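What you see is a predicted model, and the numbers here were worked out from it, not measured in a lab. So that the names make sense, note that chain A is the first sequence line, chain B the second, and so on, each numbered from 1. Side chains included, hydrogens not; waters and symmetry mates left out as well; all remaining heavy atoms used.
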Amino acid sequence: MAKEKIDFSDEKVREAYRHTTSHILAQAVKRLYPEAQLGIGPAIEDGFYYDFDLSHRFTDQDLMKLQKEIKKIIQANYPIEVFELPRDEAIKYMEDLHEDYKVELINDLPEGETISFYKQGEFVDLCKGPHMESTGKIKAVKLQSVAGAYWRGSEKNKMLQRIYGTSFPTQQELDEYLKKLEEAKKRDHRKIGKEMDLFALFEEGPGFPFFLPRGMILRNELENFWREEHKKRGYDEIKTPLILNEELWHTSGHWDHYQDNMYFTEIDEGDYAVKPMNCPGALLTYKRKMWSYRDMPIKMAELGLVHRHELSGALHGLMRVRSFTQDDGHIFMLPEQTTDEVKKVIELVDYIYKIFGFEYHIELSTMPEKAMGTREEWDKAELDLKAAIEELKLPYIINEGDGAFYGPKLDFHLKDSLGRTWQCGTIQLDFQMPQRFDLTYIGSDGEKHRPVMIHRAIFGSLERFIGILTEHFAGKFPLWLAPTQVKILTVAEAFNEYATDLAEKFSDEGFRVETDLRNEKIGYKIREARNARDSYIIVIGEKEEQSGIIPIKSNKHGDMGEMPVNEFMEKIKEEVRTKAL
RNA sequence: GCUGGCGUGGCUCAACGGUAGAGCAGCUGAUUUGUAAUCAGCAGGUUGGGGGUUCGAUUCCCUCCGCCAGCUCCA
């Protein structure tokens with residue numbers, strides 16, 4: 001029999017392959033734990049999962065046993081056959097098997113349709129397919145982990161046990177994938193942040209990150225860059241207080257819609273709240289005086305520190321914290337300016353992300369359950385956002401019901417080292433706050449009118465953005481961001497004076513330079529400088545002192561040969577100026 | 001918050017019912033060195049907090065806190 005090749009680059013094939021693997025896992029579980037009830041078991045981006053309701057808790061050893069059983073099922077090479085039943089019979093069939101979750105799923109399917117099942121050996125599962133033609137088609141399987149997951153994704157439902165796994169057409173591809181995962185873990189910003197001494201989290205403040213001196217260098221560079229770009233585009237920077245009275249949060253709607261995530265405090269027997277968002281401060285800033293239609297759009301930028309009570313289990317390094325600085329911006333404008341202004345922000349996001357070499361995807365998030373305002377207002381806002389993004393011809397996906405409580409939004413998502421995506425940039429359209437705060441401007445007709453408002457962030461939060469940056473570059477930041485740009489090492493103490501003078505030269509030219517004059521072997525100093533991910537390493541000995549020519553080692557490009565000091569300085573000046581990657 | 005796992009000196013880990021041990025980092029001294037770890041010595045821990053079982057707990061149990069994975073949520 002000719003061995004047919006599985007085309008794993010085809011997403012459909014990959015999905016069928018992983019989906020079939022998940023059925024095999026379910027079959028193995030049913031063999032070892034017949035009392036287990038089946039949830040759902042789809043293919044996901046890099047593998048698959050299957051949910052089970054079972055009082056026995058799966059352990060790592062259980063996963064090994066299941067893996068063995070999976071092997072048996074593959075070796076048996078059961079043909080996978082599809083058959084259909086009318087809805088009533090399908091329900092009865094699953095009831096007889098005591099598959100309560102499957103019964104619930106069928107009940108939710110439209111009436112009048114026949115229900116398809118897939119059968120392999122003794123195992124049958126409700127499924128719309130497609131699948132591989134037999135279990136023997138699956139070659140390399142790895143069960144990776146077990147975790148809890150709510151039935152149908154709702155915390156109101158029972159928590160099931162979810163087994164994650166992946167599969168590939170060859171053992172080699174599986175091994176490569178697992179190796180890639182291991183490599184990715186080395187880029188984890190929590191690990192690199194510790195190694196490079198950039199930031200820290202302590203038990204004394206779960207979710208409240210500390211920025212250390214070297215991390216502050218990076219952060220300040222980002223902020224400087226951000227300020228420059230916003231000034232160019234007509235934003236005025238403001239700073240609003242962390243704590244404002246409770247009344248304000250009633251007006252803004254946060255008290256009704258966001259209370260669970262807020263911290264409260266008391267001052268002189270008055271009730272106050274710590275801001276979870278910057279917008280009310282910006283709104284007060286707007287309201288301090290009268291505006292004319294000629295002033296529009298008014299763009300206020302704020303690096304605003306906000307505090308949000310996130311669930312303890314959701315905290316994750318710098319990616320999800322309880323206090324963070326949003327690179328916020330609030331744009332007040334005439335209704336007819338909306339699409340244009342949204343487009344400008346999208347272009348700014350794209351411009352800035354490209355500087356870091358990020359790829360991203362955009363989501364349009366629509367009206368949530370807990371929302372202010374009417375359906376009509378939301379429809380209008382959603383249409384405005386759509387118009388902007390479609391005029392720019394950018395691809396996007398729709399994230400139903402995930403908007404902010406005051407308006408729909410366009411979200412920009414970036415990937416971390418393990419491929420998990422994090423929302424960073426956001427553009428939110430808001431018809432609600434201007435009403436609630438009774439914002440007005442005087443139109444050309446001399447009458448008062450209501451402005452429209454955009455809330456937007458580019459980085460999203462400095463913290464999350466720095467986390468993503470760290471993983472993206474594995475700590476080897478572009479020169480303009482690197483905490484240590486030049487590290488000068490001496491071969492022996494005799495050259496310390498020359499090295500110190502050289503360092504001063506770099507420092508005078510505005511570079512972040514450090515020397516290592518310790519009485520250590522050169523190999524040891526190089527090793528430390530490399531581990532610290534210093535951008536450029538220069539070794540100074542007799543030859544260098546005599547010639548004025550220095551050998552350059554880059555953390556990104558390796559050994560770069562020798563060049564005169566001035567030439568090297570010009571080169572890296574240019575590298576900083578262009579923000580080269 | 002939920003499910004499961006984990007918590008030993010600054011870091012990475014060992015010991016596992018008989019009152020903790022290594023490497024790295026740190027400090028001191030020697031070495032003055034040419035491209036990823038020079039040698040020696042010293043110091044550092046009431047084993048996350050509290051409670052219980054036991055003659056005895058880092059080890060077993062309970063509880064709280066924190067961390068990790070996932071769910072939920074979100075910048």
| Nearest-Å distance once atom C1' is located in both rG49(B) and rG41(B) | 36 Å
| How far, in whole Å, is rU47(B) from rG18(B) if one measures between their P atoms? | 16 Å
| Using a cut-off of 4.0 Å on non-hydrogen atoms, how would the nucleic acid contact of Glu155(A) be classed: base, sugar-phosphate, or nothing? | sugar-phosphate
| query | Which whole-number value in Å describes the distance from Leu469(A) CG to rA75(B) P? | reply | 19 Å
| said: Using a distance-only criterion (donor-acceptor N/O pair, under 3.5 Å, no hydrogens), is the base of rU32(B) paired with the side chain of Glu493(A)? | reply: yes
| said: Would you measure the distance from the C1' atom in rC11(B) across to the matching atom in rG45(B) and give it in whole Å? | reply: 14 Å
| task | Please determine which of Thr490(A), Ile540(A), Leu517(A), Ile488(A) meets the side-chain contact (heavy atoms from CB on, under 4.5 Å) test together with Thr500(A). | result | Leu517(A)
| field | P gap between rG23(B) and rA14(B), integer Å | value | 16 Å
| Per the atom types in the model, does the base of rC67(B) pair as donor or acceptor with the side chain of Arg190(A) at under 3.5 Å? | no
| Donor-acceptor pair (no angle test) under 3.5 Å: Tyr150(A) side chain, rG1(B) base | yes
| Glu463(A): which of Arg219(A), Arg320(A), Arg322(A) passes salt bridge (Lys or Arg N to Asp or Glu O under 4.0 Å) | Arg219(A)
| Donor/acceptor link under 3.5 angstrom from Arg320(A) side chain onto base of rC73(B) | yes
| message | In whole Å, I'd like the distance from the NZ atom of Lys156(A) to the C1' atom of rU72(B). | response | 10 Å
| query | Could Arg162(A) and Tyr49(A) be counted as a cation-pi pair, given that NZ or CZ must be under 6.0 Å from the ring centre and within 45° of the axis? | reply | yes
| field | Donor/acceptor link under 3.5 angstrom from Glu203(A) side chain onto base of rG7(B) | value | no
| field | C1' atoms of rC62(B) and rC27(B), separation to the nearest Å | value | 43 Å
| N or O in side chain of Arg420(A) less than 4.0 angstrom from rG70(B) OP1/OP2 | yes
| said: Ring-plane angle category for Phe208(A) and Tyr263(A), please: parallel below 30°, perpendicular beyond 60°, tilted otherwise. | reply: tilted
| field | Interatomic distance at P, rU54(B) relative to rG1(B), whole Å | value | 33 Å
| How far does the C1' atom of rG21(B) sit from the matching atom of rC16(B), given to the nearest Å? | 13 Å
| Tyr524(A) aromatic ring stacked with six-membered ring of rA36(B), 5.5 Å and 30° | no
| Ring-ring centroid check Phe356(A) Phe465(A), cutoff 6.0 Å | yes
| task | Starting from the 5' end of RNA chain B, give me the residue, Met277(A) or Glu542(A), whose nearest nucleotide shows up first. | result | Glu542(A)
| said: Could you check whether the side chain of Lys553(A) and the base of rU35(B) have a donor-acceptor pair of N or O atoms closer than 3.5 Å, going by distance alone? | reply: yes
